[in-house]
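The structure appears right after this line, and notes come after that.
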Amino acid sequence: MPKYNPSKIESKWQRFWKAKKLYFIKDKIKDKQNFYNLVMFPYPSGDLHMGHWYNYAPADVYGRFKRMQGFNVMSPIGFDAFGLPAENAAIKNKLDPKVWTYGNIKSMKRQLDSIGAAFDWSREIITAEPNYYKWTQWIFLKLYEAGLAKKEKVLANWCSHCKTILANEQVQDGRCERCDTVVEQKLLEQWVFKITDYAQKLLDGLEKIDWPETTKILQRNWIGRSDGAIIKFQIPNSKDSIDVFTTRPDTIFGATFLVLAPEHELVKRVVKDEQLGQVNNYLEKTKKKTELERLVEVKEKTGVFTGAYAFNPATKEKIPVWISDFVLPHYGTGAIMAVPAHDQRDLEFAEKFNLPVKEAGLDNEIFSRLSKEGFAERKINYRLHDWIISRQRYWGAPIPMILCQKCGWQPVSEKDLPVLLPKINDYKPSSSGQSPLAKSEKFIKTKCPKCFGEARRETDTMDTFVDSAWYFLRYADPQNKKEFVSKEKLKSWLPVSIYIGGQEHAAKHLLYARFITKVLHDSDYLHFDEPFSSLRHQGLILGPDGNKMSKSRGNVVNPDDYVKKYGSDTIRMHLCFMGPYENGGPWDPKAIVGVYRFLNRVWSFANKKPSNEKLEKIFHKAIKKVGEDIKNLRFNTAVSELMKLLNEIEDKELAKEQIETFLKLMAPFAPHLTEELWHQLGNKKSIHLEKWPEYDPKLIKEEIVDIIIQINGKARDIIKVQRDLKESKIRELVLASEKIKIYISGKEINRFIYIFNKLVNIVL
RNA sequence: GCCCGGGUGGUGGAAUUGGCAGACACGAUGGACUCAAAAUCCAUUGACCGCAAGGUCAUGAGAGUUCGACUCUCUCCCCGGGCACCA
């Protein structure tokens, strides 16, 4: 018997699968249900780390299992190829970002192949391909048509290091998620997607999808619905009134002053001359501050009095109007009624500026009274911001819009798509907030689609999250030149059956993808309005030191080393075995030998001479357990069940049929090893075309069961009895036990509790 | 501050959802094989008491419900994640 040599058999079978096109999946197979098994596609950073494997290998186990269960399983893969790192690397090395990106894709493909996953490479997607981003641009046009893509003057997050605007979702603790620079707020004209118009639909949709509850909660919090009212505070001797948003109209009797955000449009109108100097002074100060401290420093309240007053519509009292930057311009109406008796922040402000604090007798009727009088109306507010998609960078899909002096903004007509990203010489971003494309006159100069006069192209590119917000649709029909996806193929494959990926995308990609799906649904392009019927997260793999893997820390685990040493099957199975899939955890370089030893033992076991012996019971139990565990993505216990099974059968000589059953149970985990052993047993076709073994529930039932005997809740003995015995019979057997006799001798039995086929508890 | 997760041997984790806590592994210790080492195989491995049979304690801490709690309830402590001046 030759030794188990993973590197030899793995490359051999990978070649075999490729030659047989085993994983090129047809859109329809008679009598088979389609199953869309999706993983989050990688960014082509250049190397695949253990975290990618942890996403892809167990997801592949799941897909292979589904296939053996009789589904037509599609497991596509591709590359999220646009984005900043390519550009930064290109600037550094004076390369075309395209060259850098495609070089990385090439080496990552080799690494992805080494996983031995059932990826359907015939459906590969690269988002930086004109053939792909043509349709990203098309989707932009659909949003534009629906009034959901607009150029707006918005207060936006500007990263001075990356020299681009970022979406709210890409800012972490006031810093750029990519480079950690503190972002500044800039008022700029940007293309936005009106995701806030979909806030309610995005909330409602969560009810009907099979997602982890934690992820749903995270999205709900991110959308941040709050129900309240707009209340009008009139300014004496003026047509102006100040609208405030509050969730607690019932506290209005305690409202002793109003506060406007410094950016509020009424500030200039209401301020009294004698306060003008002070107010301007404060506005100057906060304007500078907003760029840094306002987001970071929260503790100390600041503000200034406008000199103006307004009527509290409930009390008819005149209350002072203040300005403070603790009121945010983009939430609610940018103005609040301050109720210091009920709100910590209002109290801090009142204390600082010696404003009255008045206990408010709560009044539940006040809202309806005020609304009858025209002072109040219901209002729902969302924390969610619109999605700013303009990026002042080069390596992305150009926004397909044209600015004409006469006609204003005009969409590029569909027949002119794609707007190709031109080759340029200088990719450097500018501090002025202009895209590198702005330097290319050749790109900019164009004709107005409406009046055919001279016009200029938009030079910003799209946020890469737009690219990834619809890629899962394209996998169904990746080559289509006429449509983004044909209706027929959409029907075959979508929505996605199961989506497996990290939770870090919960409030970004997963939200955007749902939004785009809903928009396309509402424009009648999709027959469903939630893209991912079922979603599961894998945990995060940390470096051996317990920290997040990063190059700067030097704790990145390179899977290639382990492929060489143990083979891909061992890594796959070890990743499954490590612990609960959603937990992740530190990579322990030593622990992997456990699975390697196991696979070596499987090798020896399957190489033994078969006999006629069969062990029905343990096999049927294992078939049940392994199948149920994979179905529930409990890969760790599925693997331990396989180990237990081998422990029991290893020293026996079993019938060929049972050895084959064992290999089939192992096949999703160790596709190469099992394929090799399967063929060694004389089979000609791939084991991965085999059916998943079935179990007979009758054979699992134990005829003899263990009954645990407790005295006062402590286990004292255990007896083996025929199953399904009546309590009277059990009582007889229990009381006959020598051990139990000792415990109960001379004492009275208070209660005798019998749990059917399981346990007896005698209470003395 | 608010909202989620989680806390079980030296380590990763298991526990049929209220019924023998520690499955399956890693590591460690001892032994076999070997000139030797690696690999492999065998044995032991939660803590404490005991020569042993056996017993006591033990799932972050404390209380409660229950015949019985890792599992349910309450209070508190610690760790991880999300949001954060959102009215």
Side-chain angles (χ1 to χ4, degrees), chain A residues 3 172-174 212-222 224-226 228-229 231 244-248 251 255 259 261 294-295 297-301 324-328 330-339 342-346 348-349 381-385 503-504 506-507 539-540 542 574 577-580 582-595 597-598 600-601 604 624-625 628 634 636-647 706-718 739 750-764:
Chain A
K3 259 185 72 184
Q172 296 266 317
D173 298 326
E213 201 48 43
T214 50
T215 305
K216 289 188 186 180
I217 290 168
L218 205 144
Q219 285 210 352
R220 274 188 208 113
N221 291 343
W222 186 262
R225 171 180 163 131
S226 56
I231 298 181
V244 305
F245 174 73
T246 177
T247 52
R248 296 294 303 277
T251 63
V259 189
R294 187 164 165 182
L295 276 160
E297 274 180 29
V298 187
K299 291 151 223 141
E300 191 71 3
K301 294 275 180 293
S324 172
D325 63 3
F326 87 83
V327 177
L328 303 173
H330 49 71
Y331 187 79
T333 61
I336 62 152
M337 64 177 203
V339 187
H342 273 267
D343 186 289
Q344 184 59 30
R345 294 153 306 182
D346 297 351
E348 282 166 22
F349 194 83
N381 250 314
Y382 299 93
R383 208 198 62 102
L384 185 69
H385 288 36
Q503 202 189 10
E504 66 273 18
L540 194 64
L542 305 170
H574 174 66
F577 184 55
M578 273 178 61
E582 62 281 2
N583 281 180
W587 174 261
D588 178 354
K590 279 184 294 190
I592 192 168
V593 299
V595 166
R597 284 175 194 150
F598 172 69
N600 273 287
R601 282 162 54 204
S604 314
K624 178 171 194 273
K625 173 77 175 152
E628 284 175 357
R634 287 197 300 247
N636 55 331
T637 46
V639 173
S640 83
E641 183 68 17
L642 289 166
M643 289 174 166
K644 257 156 74 177
L645 180 60
L646 183 68
N647 287 346
D706 289 345
I707 302 289
I708 299 142
I709 309 174
Q710 298 183 336
I711 309 280
N712 290 335
K714 278 190 197 296
R716 294 301 183 188
D717 197 8
I718 185 162
K739 275 187 196 162
N750 267 327
R751 286 179 70 179
F752 186 94
I753 296 154
Y754 174 49
I755 308 296
F756 195 58
N757 284 337
K758 239 180 215 165
L759 170 141
V760 162
N761 192 8
I762 300 170
V763 186
L764 297 176

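Per chain, numbering begins at 1; letters A, B, ... match sequence-line order. Computed from a predicted structure; not experimentally measured.
- Of the residues in residues 757-764 of chain A, those lying under 4.0 Å from RNA chain B by heavy-atom distance are A/Lys758, A/Leu759, A/Asn761, A/Val763.
- Relative to the side chain of A/Phe245, the nucleotides B/A14, B/C24, B/A87 differ in distance, and B/A87 lies closest.
- Taking 4.0 angstrom as the limit, A/Arg597 places a side-chain polar atom (N or O) nearer than this to OP1 or OP2 of B/U40.
- Using a 4.0 Å heavy-atom criterion, one finds that A/Asn647 contacts the sugar-phosphate atoms exclusively.
- The gap from the P atom of B/U44 to that of B/A25 amounts to 14 Å, rounded to the nearest Å.
- Taking atom C1' in both B/G18 and B/C67, the straight-line distance is 12 Å, to the nearest Å.
- Comparing B/G27, B/G19, B/C85 against the side chain of A/Gln710 picks out B/G19 as the nearest.
- A close approach under 4.0 Å does occur between a side-chain nitrogen or oxygen of A/Arg716 and OP1 or OP2 of B/G55.
- Residue contacts shown for A/Ile718 include a base, since a base heavy atom lies under 4.0 Å away.
- Distance from the side chain of A/Thr214 is smallest for B/C4 among the nucleotides B/C4, B/C85, B/C20.
- Out of B/A15, B/C83, B/A87, the shortest distance to the side chain of A/Gln172 is found at B/C83.
- An OP1 or OP2 oxygen of B/A87 is reached within less than 4.0 angstrom by no side-chain nitrogen or oxygen of A/Arg383.
- Listed pair A/Ser226 / B/A87 meets the phosphate criterion, a side-chain N or O lying under 4.0 Å from OP1 or OP2.
- Contact detail for A/Ser226 and A/Tyr331: the closest heavy-atom pair is OG-OH, 2.8 Å.
- Among the protein residues, A/Phe577 comes within range of the nucleic acid bases, having at least one heavy atom under 4.0 Å from a base atom.
- The phosphate of B/C57 has OP1 or OP2 within less than 4.0 Å of a side-chain N or O from A/Lys714.
- Minimum atom distance to the side chain of A/Thr246 is reached by B/A87, of the listed B/A87, B/G82, B/A15.
- For B/U44, the glycosidic angle deviates from 0 by more than 90°, giving an anti base.
- As judged by a 4.0 angstrom heavy-atom cut-off over every strand, A/Arg225 is placed among residues making no nucleic acid contact.
- B/G13 adopts an anti glycosidic conformation, its chi angle falling more than 90° from 0.
- Of the candidates B/C4, B/G27, B/A87, the closest approach to any side-chain atom of A/Thr247 belongs to B/A87.
- Among all heavy-atom pairs drawn from A/Leu759 and A/Gln710, the shortest one is CD1-NE2, 3.7 Å.
- A cation-pi geometry, defined here as NZ or CZ lying under 6.0 Å from the six-membered ring centre and within 45° of its normal, holds between A/Lys301 and A/Phe326.
- Listed candidates were B/G13, B/A87, B/C24. Nearest to the side chain of A/Ser640 is B/C24.
- Contact between A/Asn712 and A/Val763 at its shortest, heavy atoms only, is OD1-CA, 3.4 Å.
- Where A/Asn221 and A/Tyr331 each meet RNA chain B at their nearest nucleotide, the meeting point lying more 5' is that of A/Asn221.
- Comparing atom distances between the A/Ile217 side chain and each of B/C67, B/C4, B/C20 picks out B/C4 as nearest.
- Pair check for B/C70 finds none; no Watson-Crick or G-U wobble contact set falls under 3.5 Å.
- Scanning both residues, A/Gly713 and A/Asn761, for their nearest heavy atoms gives N-OD1, 3.0 Å.
- Between A/Asn636 and the phosphate of B/A14, there is a side-chain N or O to OP1/OP2 separation shorter than 4.0 Å.
- Nearest nucleotide to the A/Pro580 side chain, out of B/G13, B/C85, B/C67: B/G13.
- With sequence neighbours left out, A/Asn757 forms a side-chain hydrogen bond (donor to acceptor under 3.5 Å, both in side chains) with A/Asp724.
- Nucleotides B/A61 and B/U8, compared at atom C1', are 15 Å apart to the nearest Å.
- The base-pairing partner of B/G50, taking Watson-Crick or G-U wobble contacts with both distances under 3.5 Å, does not exist among the strands shown.
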